[in-house]
Number of protein chains: 2
Amino acid sequence: MGERRESKKRETRQRISDVATELFFARGFDAVTLDEIAAAADVSKMTVFNYFARKEDLMLDRQDDLKLLFFREAIRARPPGQSPIAELRALMGRLREQKHPFVRFDRHAADFWRFVAASPSLEARLRELNDEAAEGLATELAGPTPDGLARLAAGMIVLTVRTARQEAIRVLERGGSVKKASAEFFALIDQGFAAVQGMASSDTRG
Amino acid sequence: MGERRESKKRETRQRISDVATELFFARGFDAVTLDEIAAAADVSKMTVFNYFARKEDLMLDRQDDLKLLFFREAIRARPPGQSPIAELRALMGRLREQKHPFVRFDRHAADFWRFVAASPSLEARLRELNDEAAEGLATELAGPTPDGLARLAAGMIVLTVRTARQEAIRVLERGGSVKKASAEFFALIDQGFAAVQGMASSDTRG
DNA sequence: CCAAGATGTTATACCCGGTCAACATTTCCG
DNA sequence: CGGAAATGTTGACCGGGTATAACATCTTGG
């Protein structure tokens with residue numbers, strides 16, 4: 001249904017995103033206005049909002065949905081008899097071995113997260129995305145209408161990932177090595193996931 | 001330093017708060033503008049902001065700080081040898097026996113929280129307050145520069161309280177009794193706190 | 001190929017929360 | 001009392017976001 005049209009759309013969207021990212025990193029998220037972005041991308045402000053519902057989405061566009069996607073896939077493809085939480089632990093182990101970008105904490109990542117931390121609105125949006133991820137994970141754990149325990153477990157998983165990331169970044173900012181940051185990340189992941197597994201295992205249906 | 005001035009200030013603040021609360025409950029949080037509030041309280045919009053930094057603070061003014069205050073007191077006054085988390089569990093037991101308002105889930109509470117849930121900005125502010133509470137609790141658990149594990153534990157505690165509250169309200173909204181809502185609340189509190197206790201006990205310094 | 005409908009884009013005007021720099025009022029102190 | 005300093009208050013303004021409707025461009029089917 002319209003190849004020409006679609007490619008133009010993709011191009012426009014990409015241009016807006018690129019221009020915005022550049023401006024943001026050059027001058028800070030809050031210091032750049034949407035009018036500037038629109039002008040720099042040579043579109044109207046309305047068009048920007050057409051592609052990105054909120055200003056924050058220009059930076060965090062589906063950033064965190066990736067996590068959830070990984071988790072969902074792993075849970076669905078887990079071997080029979082394996083509990084969802086156990087499978088998530090296994091997944092993290094695999095990501096670690098693969099040195100997957102998602103669990104990689106280098107200078108670049110530190111820059112990105114420091115940038116996010118510098119903007120209250122970005123942080124707020126991130127909290128919102130976390131909540132959405134938790135809700136999604138809860139339904140993955142316990143079906144369309146998860147009970148309180150499933151919601152709590154899902155929330156704890158998301159919180160653990162978030163906290164572990166924050167601490168890994170903290171290590172880097174204190175001058176720690178990438179290796180140390182990674183170690184801190186996985187140590188917290190282990191402890192958090194283990195706690196959730198212990199909690200959820202008293203109610204084994206998954 | 002100005003008695004006249006101070007009493008006038010308190011009066012003005014109270015008037016703004018009262019007027020705002022009334023308008024909010026009558027027509028919904030997002031439907032009431034700050035101009036309206038200012039006009040109804042017979043002050044300028046800036047004066048409103050002078051007393052309440054954000055619109056959300058007109059409803060959530062220190063709502064959640066109370067929790068943290070309880071927690072802090074209990075942790076500091078705990079008997080020697082008792083771990084902080086264990087003390088928090090004991091505190092929740094005491095609040096339950098006292099049928100303390102903080103753990104009471106009746107129609108009034110359901111109304112209030114439904115009201116909050118209906119406003120994205122109120123929910124966002126609540127998430128922010130939760131994060132602040134977690135940070136405060138972390139320093140209470142582990143001193144001025146808490147490590148990752150303390151932050152994780154604190155985050156889990158706050159998350160547990162929040163999730164338990166949400167589920168209790170959910171029970172009420174499905175037509176459940178106040179007793180049932182309360183039972184759900186404390187069941188989740190128990191499971192969450194126990195999980196945190198198990199996690200944190202491998203690192204016993206508090 | 002062209003007309004008609006669908007879809008993307010724009011201009012404009014507006015709303016609302018929040019900030020800023022100046023203004024008015026009160027208090028303090030010589 | 002009188003002027004400086006502190007403090008409360010204000011109108012003007014900014015930026016994100018929405019609504020609406022006109023405009024441009026592409027697609028489809030006869």
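We name chains A, B, ... by the order of the sequence lines, and we start the count at 1 in each one.
Using a 4.0 Å heavy-atom distance criterion, A:F52 is classed as making no nucleic acid contact. A:S121 comes within contact range of no nucleotide atom at all, as no heavy-atom separation falls under 4.0 Å. Counting any heavy atom pair closer than 4.0 Å across all strands shown, B:D35 reaches no nucleic acid atom. B:V32 comes within 4.0 angstrom of sugar-phosphate atoms only, judged by non-hydrogen atoms across all strands, and of no base.
The distance from atom CD1 of A:I16 to atom P of C:dG8 is 13 Å, rounded to the nearest whole Å. Put simply, CG on B:D30 is 12 Å from P on D:dT18, counting in whole angstrom units. Remark: P of D:dT25 and CD of A:E11 are 15 Å apart, rounded to the nearest angstrom. At whole-Å resolution of the value, CE in B:M46 and C1' in C:dC23 are 13 Å apart. Rounded to an integer number of Å, the gap from CZ of A:F29 to P of D:dG15 is 14 Å.
Tested against A:I16 for a side chain to side chain contact (heavy atoms under 4.5 Å, CB included), the candidates A:D42, A:T21, A:N50, A:V48 yield a single pass: A:V48. Screening B:F185, B:F105, B:F70 against B:H100 for a ring pair (Phe, Tyr, Trp, His ring centres under 6.0 Å) leaves a single residue, B:F70.
A:R76 places no side-chain N or O within 3.5 Å of a backbone atom of A:E73 that could act as its donor or acceptor partner.
For A:K45 against D:dG17, a side-chain-to-base donor-acceptor contact under 3.5 Å is present. Judged by distance alone with a 3.5 Å cut-off, no donor-acceptor contact links the side chain of A:K55 to the base of D:dG17.
For DNA chain C, if you chain together Watson-Crick or G-U pairs that step i with j, i+1 with j-1 and so on, the runs of at least three with distances under 3.5 Å are C:1-30 with D:1-30.
Between the side chains of A:Q166 and B:R151, no donor N or O sits under 3.5 Å from an acceptor N or O. Side-chain contact check for B:S44 and B:T47: at least one donor-acceptor pair (N or O, by modelled atom type) lies under 3.5 Å.
Taking only side-chain atoms of B:E56, from C-beta outward, the nucleotide of C:dG18, C:dT10, C:dT9 with the closest atom is C:dG18. Distance from the side chain of A:F49 is smallest for D:dT18 among the nucleotides D:dT18, D:dT10, C:dT10. Side-chain atoms of A:R54 lie closest to D:dG17 of the nucleotides D:dG17, C:dT19, D:dG8. Candidate nucleotides D:dT9, D:dA19, C:dT9 were compared by shortest atom distance to the side chain of B:N50, and D:dT9 ranks first. Here the nucleotide nearest the side chain of A:L34, chosen from D:dG8, D:dG17, C:dG18, is D:dG17. Among C:dT19, C:dT9, C:dT10, the nucleotide with an atom closest to any side-chain atom of A:Y51 is C:dT9.
Applying the 4.0 Å criterion to OP1 and OP2 of C:dC15, one finds that B:T33 has every side-chain N and O outside that range. One finds no side-chain N or O of A:T47 lying less than 4.0 angstrom from the OP1 or OP2 phosphate oxygen of C:dG8.
Classification of the B:F102-B:F71 ring pair by plane angle, with boundaries at 30° and 60°, yields perpendicular. Ring geometry for A:F112 versus A:F25: interplanar angle of 30 to 60°, hence tilted.
In this view, B:S182 and B:F186 satisfy the side-chain contact (heavy atoms from CB on, under 4.5 Å) rule, not counting sequence neighbours.
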